[in-house]
Peer 1: 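Below you'll find the structure I mean.
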Amino acid sequence: MQRPKTESVYAKSCAVMPGGVNSPVRAFRGLGLTPLIVESGQGDLVYDVDGNKYIDYCGSWGALILGHAPPTVVQAACQQMAKGSSFGIATALEEQLASKMVALIHSLEKIRFVSSGTEATMTALRLARGYTGRAKIVKFTGHYHGHSDFLLIQAGSGVAHINPIATSKGVLPSTIADTMCFPFNDFSIRSFFRTHPHASDVAAVIVEPVAGNMGVVPPEKGFLEMLREETQAIGALFIMDEVITGFRVALQGMQGLLHLDPDLSCFGKVIGGGFPVAAFGGKTKILDCLAPLGQVYQAGTLSGNSVAMSAALATLKEIEVPGFYDRLAAKTERLLSPIRAQLEKKRGTGCLNAVGSMFSLFLKRSSVKAKEALDEEEFARFFRYLFERGIYLSPSPYEASFVSIAHTDEHLDYTAKTICEYLDRC
Ligand SMILES: *Cc1c(COP(=O)(O)O)cnc(C)c1O
């Protein structure tokens, strides 16, 4: 695979942007490859600036459930653009999308649109603190909720929630002092809720209902239900960060599949149809604490942007067609079942975690149920093997990969065959 133009653009990018990119994982660090420089996407394919094509299982980190450039979304966005792209004034489009989401998702009574998942979680937590008058936030190790300062922590050594360590320089110890971190899927957090003196200072527990940023790790049976119950008992809010899972695992998200009723939820990725749309929402009594009604401040120049809202509405129209998620599941099964069979045949080569159309293959593991240090060199070999054969997975062992409705049977079969080939040589 020749990539001279890619090399040249990347070299020039590195001179003017840190690492040549605007988000770190795009830089392919540790993979031993020059990163992709994309020219265009169509359906399940992306084309690089050298004209090479790749079957795309990253899908803009899960945003593109319809694949690249779906005609109805392109048309909706273009039509809106001709009418003006941004007003900073309320539009009927926002009302339409808000009404649709509130009607679809049982826990939502009101919603506010923002432009990134980072903003959604950051503001949901500010709102939780404003509403409860409490300071502390509980999160889980390996769960990613965007890059606001107070969420960039790891659990320290020793007792899980004591001594949080910032995962980024520039984050002050005072900023993370009220963020506590616990291991995901570990029911012993219950004793913290029931006996720890800090439990009554907890404003909110935020969780990815399916972890998607440490590889895909589904919740253990009863774990999320336990969090719902325990937060209720201590008067803290339960926040489901469905930025990946929302409209991905089902039309009603993971909360719909599990019949959970969170106080607040966050959305992003899929809902934007490839545009910067995110949202947080929940109970009216909580949402009404936001300005202009209440005293919790939040604002955004491009919040509810009309082109993005049009793309979101067009996306929703496609995914709410009955049978959409069944078709997506069938496509995912077509890809994953031969791989699963191969893993069965050659035990020890890896395990596959998947929920709906999101999946991760953990090489050389028999099971992954919490945040684990993964073998990055092993992943790099695997990634390169696929990349050189025109298959683009999310470029890190800690990221989820995704099947979209645009993936063709031919491409799914080719991908399964190639992955099985790789595993066969392990
Ligand atoms: C991607 C992601 C975010 C952050 O969203 P951005 O739009 O990248 O800011 C938050 N939470 C989860 C679970 C995510 O996967």
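None of the values given here were measured: they were computed from a predicted structure. Each ligand, and each atom within it, is numbered from 1 in the order the structure gives.
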Peer 1: Considering only heavy atoms of Ser116, which atoms of ligand 1 have at least one such atom less than 4.0 Å away?
Peer 2: 7 (O), 9 (O)

Peer 1: Below 4.0 angstrom from a heavy atom of Glu208, which ligand 1 atoms are there? Numbered from 1 as shown, please.
Peer 2: 13 (C)

Peer 1: Parallel, tilted or perpendicular: which fits the ring planes of Phe28 and Tyr392, with parallel below 30° and perpendicular above 60°?
Peer 2: parallel

Peer 1: Counting from 1, what ligand 1 atoms have a heavy atom of Ile244 closer than 4.0 Å?
Peer 2: 15 (O)

Peer 1: Anything under 30° is parallel, anything over 60° is perpendicular, the rest tilted; go ahead and classify Phe182 against Phe192.
Peer 2: tilted

Peer 1: Would you call Glu242 and Arg248 a salt bridge, taking side-chain N to carboxylate O under 4.0 Å as the test?
Peer 2: no

Peer 1: Would you call Asp261-Lys283 a salt bridge at under 4.0 Å N-O?
Peer 2: yes

Peer 1: Are Phe140 and Phe223 close enough that their ring centers fall under 6.0 Å?
Peer 2: yes

Peer 1: Nearest protein heavy atom to atom 7 (O) of ligand 1, by residue and atom, and its distance?
Peer 2: Gly117 N, 2.8 Å

Peer 1: Could an N or O of ligand 1 be found under 3.5 Å from any N or O of Asn213, whether backbone or side chain?
Peer 2: yes

Peer 1: Please state whether Lys269 comes within less than 4.0 angstrom of ligand 1, counting heavy atoms only.
Peer 2: yes

Peer 1: Tell me the protein heavy atom at minimum distance from atom 9 (O) of ligand 1, and give that distance in Å.
Peer 2: Thr118 OG1, 2.6 Å

Peer 1: Tell me which one of Thr418, Asp56, Ile419 satisfies side-chain contact (heavy atoms from CB on, under 4.5 Å) with Ile391.
Peer 2: Thr418

Peer 1: Using a strict 4.0 Å cut-off to heavy atoms of Asp241, name the atoms of ligand 1 that fall inside it.
Peer 2: 10 (C), 11 (N), 12 (C), 13 (C)

